[in-house]
Structures are given as structure tokens and as C-alpha cells.
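Written out below as C-alpha cells is the structure these notes cover.
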Amino acid sequence: MTLNVYNTPLKKKKAFEPLHANKVGMYACGVTVYDMCHIGHARSLIVFDVIARFLRKKGYDLTFVRNFTDIDDKIIARANSLGTSYRDVADRYIEEYRTDMDILKVRPADIEPKATDHISHIIDMVRILEEKEYAYRADDGSVYFSVSRFRGYGKLSGRRTEEMIAGARVDIEDLKRDPLDFALWKRSKEGEPWWDSPWSKGRPGWHIECSAMSTHFLGATLDIHGGGRDLIFPHHENETAQAEAALGAEFVRYWIHNGFVTIDGEKMSKSLGNFMTIRELTKDVHPEILRLLLLSRHYRSPIDFSNEAVNSARQALVRFYEMLDRVNHSPAEDRESRLEGLVGTFSRDFDEAMCDDFNTAKAIACLHDLTTEINRALDQDPKISRKDQSALKASMGEVTDIFGVFGEEPGEFLEAMKRGSVQVTGLSEQEIQGLIEERNLARKTKDFKRADEIRDTLKAKGIQLKDSPEGTAWEKI
RNA sequence: GGCGGCAUAGCCAAGUGGUAAGGCGACGGUCUGCAAAACCGUUAUUCACCGGUUCAAAUCCGGUUGCCGCCUCCA
């Protein structure tokens, strides 16, 4: 199955062909480390995590780079308000980020460079831009990129420079020759961190770090560059201008941008203050639920985050795990396979969905189909052949490798879901167990009135009983 | 003001020219002492609205309405 990828500037899907045969260089914009990550970050991180996992699964030799922006105005502001250094702030939030990624089962990128470790590469690139007269030094020792000098400016975001100038919201700074120009190097103010450069004691502009680091690690042309939609303009537009002006090569073959997470239909952002941190959220929401939720819509579409959405993802995940648990507990025998066809169809459909611009939503639908089929087969005959059992496990293992869900032992997962929710019922496990025993005694003596009473009482507290030949189980509704 | 995106059942949501995936919910059934789970069946003649192109349109084109995003830090 060939992979088709949507390319932002073309606005359509195109067969994926890396520059060098099987080798793929992918760069994703990481986070600015001045605060805790929120679920908007989580989406972007998970989307590119899944893309990276899938590319590897397809046999590509991937080098994945995701940066940390560890010097910028917000970090400095944060450091000042805490009375500490920018370094302390950056290091602290890099650690927090790593903790979040562990929680979310997001695999680290191959290379996770920090801007401040690449000041010399940044300076080199700015110097080239200056030599080629794409950049100019302002009176204060800052350096700006001259947008009007670069002919292709606007090709990524589909904007024309004349229109932007006509627009009302371009901010005017005296030091710039043109309002659209942007800083490559900023002279540091008194008390701010600085690095030596040919122009002034200062620090890099925001956009240049990505151009410099991505091309440093991956070469002048990247196969894939991604990030959130909001980075298209100006960040990625500016990155492109700098990199192409400096290196004279096409910067990016495929631009991939993920949609936002919204809350009540509004974009979640720091400035609106309506964000939810990953840490806070994963206190009560299992990380796999969050992953499944974020993968349940196509990566380019917005996702509205709500309790309802979380519950729906939880239900789906539990359904999948219950099926897996059922397969694990089915009596296994040496007998003819009867699920081989199902598993094969599933693998093909899943791959096809993912090859269609990483359509995780469609891939999840395939999982639902498979689950229904397996349950149906086990309803008809609860015995399962060892062959089928291992084929299914292998197939689900592939899904785990790509989606990062179903990574837990099903029985343990279901048990943990139950246990984690006991506290909100106001009952202890012993109390629940006691009531179940009392009810089963009542059932034996055909005192169904008392039995139903107990069941309804537990249900009112959020506990659903499930009778089966093996006994009575319960779960949190 | 400029640029762009989206609009599919009660809800969530796939689907970019070939006759509407999937999930949740609801209803009916099998199972069960009764439930729950699981399974079976029903739940959009129709894809915001109006026109056009085509043998064929949710999909392409033009217009209208509504929502959202970017143009300022943003995943």
C-alpha cells in the first residue's frame, strides 16, 4: 500500500516519496519550555509520534528531530518573575515535558536539540543570509530578514505580501525596513541572557533556530516538517524563507500540520487561559484513553475536548480491552483456525486507512469492526485455536506499536480501571464484595427482591454488576 | 480589513466523482431469575441552503448563510 500524505501548501494529498529512497528526515516543532504542556501540545506530540511509528512500520529509515525552544521572551519573563535564570526555567520544564511524554507513552524523537546548544549554527546561517543580502543589520545590532528580497515568501501559507501589508495588524517597529521583516538576531537588553555574535551580544530570533537545527541534522531538504496549524504563519513561512534563502534548496517536501484541540468550541491557548495540562488531566484519565481520544479524529480536523468525549473514548478503549481479555481467557485448543481471515482483513484495512494520510479515525473504525467480529465468533463458540489466539495478539501488537494503546495486559488494565474509580463510589472494595456475596446468597434462596435491591443500590453508587457462570464481577459505570 | 478552513443522523465522526464507514445513544430481539456485557435487527433516499457542470456530485464550479482559525505568543 502506498502512503499518501496531505501537503499544506498544495492543499491536497500526494504520494509520499522521500528525497533519498528509503531514508526519511522529519522535523517537528517542539515546545517552548516555560510552562507545563497542555492537551493541545499532547495532540501535536501524539500525532507526530504516531506518524513516526507508522513510517518506521512501513520500513522507512526515519530520523526524527524535535526541538526545544529554550530561549525566548516568555522564558525570560518567567525567569524574572520567579527570580531565577532562564536556564533554570528551561531545564525544569524540559524535565516536566519528559515526564509528560513518559506518561503519554510518546516516544522520544531521535534527536531533541535545544536552541541554545546550536547558537553557532544559527549564527552561521544568519551570516550566510547577510552575505547573500537577505538580511540586514539594524542600528542596535539586531539582524532582520528582508522579506521583500525573498521571492517565494508566502508560498506556504498562501499569502501575498501586498495583502499582508494592506492588512491592519502588521506591527511597525522602527528598526525594521519593512513591517513584514522579522528578527534573525535580537540584541539583548540589559540583564537578559546573551551570546556573542558578529552583530551584537544577543540571542536568536524564534524562527531561525528551527531552520538552522533542522537543516543541520537532516540536510538542506527535509522530507517532512510539521507542527500545529497555528505555526503555518508566520513561523513556518519564515523558516522556509530563511532556509531556502540561505541554502538555495527546497526546504520541505511535505508540510504536515495538525488541527487544534478546542474547549467548548474555542481554541485552547495560553493567552485565553482555557487550557488543561497533561499532568492534571492524566491524574484521572488513563493516558491510553487520551491517546485514543486524540486519534479518534483525523489529525487535520479540530477536536473539541469535553467530558463526553473522554467518556466516549474510555468506553471504546474498555470495549477493545474486554475483547482482548476475552480472547486471553477463551479456552485455547489445537484446532483449525477460524479467525485468520478476520485478522488478515483487519490488518489490510488498518494499513490502508493509515496509508491514506494517517487516517487514524478510519483505522479505529477498523478496530471496532474487528472487535465486533471477534465477539461474534466467540459468542458462537467460546473456544479458540492457539493459532488464532497468537495471530490476533500479533496483529494487536502491531496496533500497539503504531498507536501506543493496548500496551497493557488486558486483565490488569480492566482491573486498574475498576480500582482507580473505587474511591468515587464511597464504598471500599471489601464493602462491595460483601454486598455481592449477600446478593448471591439472596439469589440462591430466590429472594430476588433483596437481590435486586442490592444491585440497584450499587448501581446508584456507580457500580454495575455482571453475573456470569464464573461468578459476579463488577465495574464502574 | 485581508487570507484560509469547516458545515454529514439525537450526539461524536470517516468519506474529494460511482450511489452514505464506525462509535455513542434510542428502540426491538437472543441470552439472563431480572439485569449488565456480548451478539442480531431498526435508527440519514440523504450530506447547511440556492444554482451550475456531469451518464453519475456529500464529493467539482459559482453564490448565500452559519461556525471556526490565522494575520500578535501559540501545538
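Residue numbers start from 1 in every chain, and the chains themselves are labelled A, B, ... in the order their sequence lines are given, proteins ahead of strands.
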Residues at least two apart in sequence or cross-chain that pass ring pair (Phe, Tyr, Trp, His ring centres under 6.0 Å) with A/Phe275, listed by chain then number, are A/His38
Taken in chain and number order and not counting sequence neighbours, the residues that satisfy ring pair (Phe, Tyr, Trp, His ring centres under 6.0 Å) with A/Tyr254 are A/Phe16
Quantified in whole Å, what is the C1' atom distance between nucleotide B/G51 and nucleotide B/A14?
28 Å
Which is true for A/Lys11 with a 4.0 Å heavy-atom rule: it touches a base, it touches only sugar-phosphate, or it touches nothing?
sugar-phosphate
Please report the distance separating the C1' of B/C12 from the corresponding atom of B/A44, rounded so that it comes out in whole Å.
15 Å
List the residues meeting ring pair (Phe, Tyr, Trp, His ring centres under 6.0 Å) with A/Phe233, not counting sequence neighbours, and say none if there are none.
none
Residues which pass side chain to side chain contact (heavy atoms under 4.5 Å, CB included) with A/Asp73, listed by chain and number, not counting sequence neighbours
A/Lys186, A/Arg203
Distance-minimising heavy-atom pair for A/Ala361 and A/Ser296:
CB-O, 3.3 Å
Between B/A36 atom C1' and A/Ile463 atom CD1, what is the distance in whole Å?
14 Å
Identify whether any heavy atom of A/Gly30 sits under 4.0 Å from a base atom; if not, whether one sits that close to sugar-phosphate; answer base, sugar-phosphate or nothing.
sugar-phosphate
Mind checking side chain to side chain contact (heavy atoms under 4.5 Å, CB included) for A/Ala460 and listing every partner two or more places apart, or none if nothing turns up?
none
Using a heavy-atom cut-off of under 4.0 Å over every strand shown, decide if A/Asn375 touches base, sugar-phosphate, or nothing.
sugar-phosphate
For B/C70, take OP1 and OP2 only and decide whether either is under 4.0 Å from a side-chain N or O of A/Lys267.
yes
For A/Met268, which contact category applies under a 4.0 Å heavy-atom criterion: base, sugar-phosphate, or nothing?
base
N or O in side chain of A/Gln315 less than 4.0 angstrom from B/G25 OP1/OP2
yes
OP1, OP2 of B/A38 versus side-chain N and O of A/Arg376: anything below 4.0 Å?
no
For A/Leu231, which contact category applies under a 4.0 Å heavy-atom criterion: base, sugar-phosphate, or nothing?
sugar-phosphate
Could you summarise the pairing of RNA chain B as dot-bracket text, marking Watson-Crick and G-U pairs under 3.5 Å with ( ) or [ ] inside the strand and | across strands?
((((((((.[[[..)..(...]]]((((((.......))))))....[[[[[..)....]]]]])))))))....
Strictly under 4.0 angstrom, non-hydrogen atoms only: write out the protein contact profile of nucleotides 8-14 of chain B, one letter per nucleotide from the 5' end, B, S or -.
---S-SS
Would A/Asp369 and A/Thr372 count as a side-chain hydrogen bond (donor to acceptor under 3.5 Å, both in side chains) here? Give the steps.
CA-CA 5 Å; A/Asp369 286 339; A/Thr372 300; 5.6 Å; no
What contact category does A/Lys466 fall into here, base, sugar-phosphate, or nothing, at under 4.0 angstrom with non-hydrogen atoms?
base
For A/Glu409, what residues pass the salt bridge (Lys or Arg N to Asp or Glu O under 4.0 Å) criterion, not counting sequence neighbours?
none
B/U45 and B/A58: how far apart are their P atoms, nearest whole angstrom?
13 Å
Give A/Arg300 one of three labels, base, sugar-phosphate or nothing, depending on what nucleic acid heavy atoms sit under 4.0 Å from its own.
nothing
Have a look at A/Val261 and say if it touches a base, only the backbone sugar-phosphate, or nothing, with a 4.0 Å heavy-atom cut-off.
base
When you measure only distances, ignoring hydrogens and angles, does the side chain of A/Arg229 come within 3.5 Å of the base of B/G69 through a donor and an acceptor?
no
Could you check whether the rings of A/Phe182 and A/His207 sit parallel, tilted or perpendicular, using 30° and 60° as the cut-offs?
perpendicular
Heavy atoms within less than 4.0 Å of RNA chain B: which residues of residues 36-43 of chain A have one? Give them sorted by number.
A/His38, A/Gly40, A/His41
Has the side chain of A/Arg450 got a donor or acceptor atom sitting under 3.5 Å from an opposite partner on the base of B/G33?
no
Applying salt bridge (Lys or Arg N to Asp or Glu O under 4.0 Å), which residue pairs with at least one partner in residues 303-314 of chain A are found, sequence neighbours left out?
none
Need one value for A/Phe233: base, sugar-phosphate or nothing, where a base atom within 4.0 Å counts as base even if backbone is also close, heavy atoms only.
sugar-phosphate
Looking for any heavy atom pair under 4.0 Å, which part of the strands does A/Arg314 touch: base, sugar-phosphate only, or nothing?
nothing
The side chain to side chain contact (heavy atoms under 4.5 Å, CB included) partners of A/Asn440 (sequence neighbours excluded) come to A/Ile436, A/Arg443, A/Thr472
Counting side-chain heavy atoms from CB outward, which of B/G23, B/G33, B/C70 is closest to A/Phe448?
B/G33
Scan A/Thr262 against the nucleic acid and name what it touches under 4.0 Å (heavy atoms): base, sugar-phosphate only, or nothing.
nothing
Drop me the distance from A/Lys14's NZ to A/Leu3's CG, to the nearest 0.5 angstrom.
12.5 Å
Heavy atoms only, 4.0 Å cut-off, all strands: where does A/Asn258 land among base, sugar-phosphate and nothing?
base
Separation of A/Leu458 atom CG from B/A37 atom P, in whole Å?
16 Å
Would you indicate what A/Lys13 reaches in the nucleic acid, counting non-hydrogen atoms under 4.0 angstrom: base, sugar-phosphate, or nothing?
sugar-phosphate
Taking B/C70, B/A38, B/G23 as options, the one with an atom nearest any side-chain atom of A/Arg159 is B/C70
Within 45° of the ring axis of A/Phe260 and under 6.0 Å from its six-membered ring centre, is that where the NZ or CZ of A/Lys267 lies?
yes
Indicate whether A/Phe260 forms a stack on B/A75; treat it as stacked only if centroid distance is below 5.5 angstrom and interplanar angle below 30 degrees.
no
Starting at NE2 of A/His236 and ending at C1' of B/G4, how long is that distance when rounded to a whole Å?
17 Å
Residue pairs fulfilling ring-ring contact (aromatic ring centres under 6.0 Å, His included) with at least one residue in residues 345-383 of chain A, sequence neighbours excluded
A/Phe320-A/His368, A/Phe346-A/Phe350, A/Phe350-A/Phe403
Of the candidates B/A21, B/C24, B/C71, the side chain of A/Ala365 sits closest to B/A21
Could you tell me whether A/Arg98 and A/Asp102 make a salt bridge, using a distance below 4.0 angstrom between a side-chain N and a carboxylate O?
no
Whole-Å C1' distance, B/U43 and B/G4
37 Å
A/Arg319 side chain N/O closer than 4.0 Å to the phosphate oxygens (OP1, OP2) of B/C39?
yes
For B/C70 versus B/G63, give the span between their C1' atoms, rounded off to a whole number of Å.
25 Å
What about A/Asp379, does its side chain sit under 3.5 Å from the base of B/C31 through a donor-acceptor pair?
no
